[in-house]
Trainee: 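So that we are looking at the same thing, I have put the structure below in structure tokens.
A note on names: the letters A, B, ... follow the listed sequences, proteins ahead of strands, and every chain is numbered from 1. Every heavy atom of this structure was used, including side-chain atoms; hydrogens, water molecules and symmetry mates were not.
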2 protein chains.
Amino acid sequence: MQGDSVIIVAGGEGKRMGQLVPKQFLMLGDYPVLWHTLQAFHNYDPGMPVILVLHKDWITHWQKEIHRFSHSLNYKITSGGETRFHSVRNGLALISEEGFTAVHDASRPLVSPALIERTFRTAREKGNAIPVLPATDSLRILTPEGNRPLDRNRVRYVQTPQIFPTPLLKKAFRQEYRPEFTDEATVIETLGEPVHLVEGEKRNMKITTEFDLQIAGMLLSGSPKKKEAGI
Amino acid sequence: MQGDSVIIVAGGEGKRMGQLVPKQFLMLGDYPVLWHTLQAFHNYDPGMPVILVLHKDWITHWQKEIHRFSHSLNYKITSGGETRFHSVRNGLALISEEGFTAVHDASRPLVSPALIERTFRTAREKGNAIPVLPATDSLRILTPEGNRPLDRNRVRYVQTPQIFPTPLLKKAFRQEYRPEFTDEATVIETLGEPVHLVEGEKRNMKITTEFDLQIAGMLLSGSPKKKEAGI
């Protein structure tokens, strides 16, 4: 919708972190992971401004790489900061103070336009929205005495895009950084805003290991049994 | 070790639950899922008594099916009960009151002998042991007011085998059933016993969907990139 924006965050992995190419630059099917992520938001709304936050060590790599692929994707690049918080803050600097802003992990390439649409809709209705999935594992929580069971029915696994009104997000990101700011929701909550949950998607997995990349490849190639798998 | 036993639980899925064959009876590579599970404990210790708890609707199916495969696996079958608690109780009835008993999900076929060994060793040292993995997702917990972030560093995803001294396990399972008895650890804790954690394995995944079965197939076929994936 007019005034909305998206920040795609891939700012955290400098070359000093190791020799390996971060997963968002590796191939998933015929395109790099990050290309799929950009394409997903393009499919949702080709007119929406997209800010891509890349670690400065990887900007040149990406710009060379992407020349091999489509030129139809339109986005601005800015450089990442020390943490995710700083990267999002850098991205916000390029966005005008209106509409809603979605913040999305570069390493979640299989987000569907339907999930983006649902999350924006809930954000407009309730003030903000983040997608979550029910917990599927039995869980325990560590305590000073040892550990105890944690009722998984009360736990949710958090995904992105996390969507907030742009002026609120800008205000929240003017705060000083704190270590507990692991995603946008935790930053917004310090302003006293409740966070609203919307149903996520199993497909919208985060690719962090080579094995995740293989799973994403299976999902992308679209097994005929997809419906039965509930994905 | 002399006196130890294992109960493999697949008791919960009667035919009335749906038309589909429960995942533990489907093929994973050249053998049914459950065959791999039995084989894993056979590989750890071919002399250890194995009790397989199957829902009564599926006992005949399994007995017919398994004739196509190896006859080297030695185990007793008993029928499952209304819940996992009742199924484990039925299994315990066939075990003498000595050593340690491991309780394992039938739908975790890729458990390694090394993990079984490590869990038994910790159980002997500390009194009991269950394998867990660190939480890899951002987490939220539902509260009466809405929801709040949950520090994932304190959360663990629980696996099996869960290993306890047989006499203690028998005593714990003489209690009346309560809905919070979702695994063996929660039953044991009501006796005031602390539960000890040991490092689990990503490979030791629970197969509940067709998609999980495909992932397990990938793991079984042993991608050359397995090491890099940290699995």
Trainee: So for atom NZ, which belongs to B:K170, do other residues, nucleotides or ligands contribute more than 12 heavy atoms lying within a distance under 6.0 Å?
Mentor: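 Enclosed.
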Trainee: Side chain from CB out, backbone as N, CA, C, O: work out which of these in B:V132 comes under 4.5 Å of a heavy atom of chain A, or both, or neither.
Mentor: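 It is neither, since no heavy atom gets under 4.5 Å.
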Trainee: Measure B:A135 against the heavy atoms of chain A and call it side chain, backbone, both or neither at under 4.5 Å.
Mentor: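 B:A135 has no heavy atom closer than 4.5 Å to chain A.
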Trainee: Working to the nearest 0.5 Å, report the span between CD1 of A:I141 and CD1 of B:I141.
Mentor: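 Reported value, rounded in 0.5 Å steps: 7.0 Å.
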Trainee: Would you say that more than 12 heavy atoms from the other residues, nucleotides or ligands in this model lie under 6.0 Å from the CD of A:E199, or not?
Mentor: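 Not buried by this count: 12 neighbours or fewer within 6.0 Å.
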Trainee: Taking all atoms of both residues into account, what is the closest heavy-atom pair of A:L142 and B:R156, and its distance?
Mentor: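 Closest heavy-atom pair between A:L142 and B:R156: CD1-NH2, 3.2 Å.
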Trainee: Determine the option with the most heavy-atom pairs under 4.5 angstrom with chain B, choosing from A:V158, A:T182, A:T143.
Mentor: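 Among the listed options, the one with the most contacts to chain B is A:V158.
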Trainee: How many angstroms lie between CZ in B:F211 and CD1 in A:I215, if you round to the nearest 0.5 Å?
Mentor: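 CD1 of A:I215 is found 5.5 Å from CZ of B:F211.
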Trainee: Identify the two heavy atoms, one from B:R148 and one from A:E189, that lie closest to each other, and give their separation to 0.1 Å.
Mentor: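 Shortest heavy-atom separation between B:R148 and A:E189 comes out as CA-OE2, 4.3 Å.
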Trainee: Less than 4.5 Å to any heavy atom of chain A: does that hold for the side chain of B:L133, its backbone, both, or neither?
Mentor: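 Neither the backbone nor the side chain of B:L133 comes within 4.5 Å of chain A.
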Trainee: Heavy-atom cut-off 4.5 Å, strictly under: side chain, backbone, both or neither for B:D151 against chain A?
Mentor: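 Neither part.
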Trainee: Any idea which of B:T186, B:N147, B:T208 has the most non-hydrogen atom pairs under 4.5 angstrom with chain A?
Mentor: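 Winner by heavy-atom pair count: B:N147.
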Trainee: Can you give me the closest heavy-atom contact between B:K202 and A:T209, atom names plus distance?
Mentor: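 Looking at all heavy atoms of both residues, the closest pair is NZ-CG2, 3.8 Å.
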Trainee: If you count heavy-atom pairs under 4.5 Å between each of A:I130, A:T136, A:D183, A:V155 and chain B, which one has the most?
Mentor: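 Most heavy-atom pairs within the cutoff with chain B belong to A:V155.
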Trainee: Please classify the contact between A:L213 and chain B as side chain, backbone, both or neither, with a heavy-atom cut-off of under 4.5 Å.
Mentor: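 Contact with chain B is absent: no heavy atom of A:L213 under 4.5 Å.
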Trainee: Any heavy-atom pair between the side chains of A:L150 and B:L150 that's under 4.5 Å?
Mentor: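 B:L150 vs A:L150: side chains touch.
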Trainee: Do B:L197 and A:R140 come close enough that some side-chain heavy atom pair is under 4.5 Å?
Mentor: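 Contact flag for B:L197/A:R140 side chains = yes.
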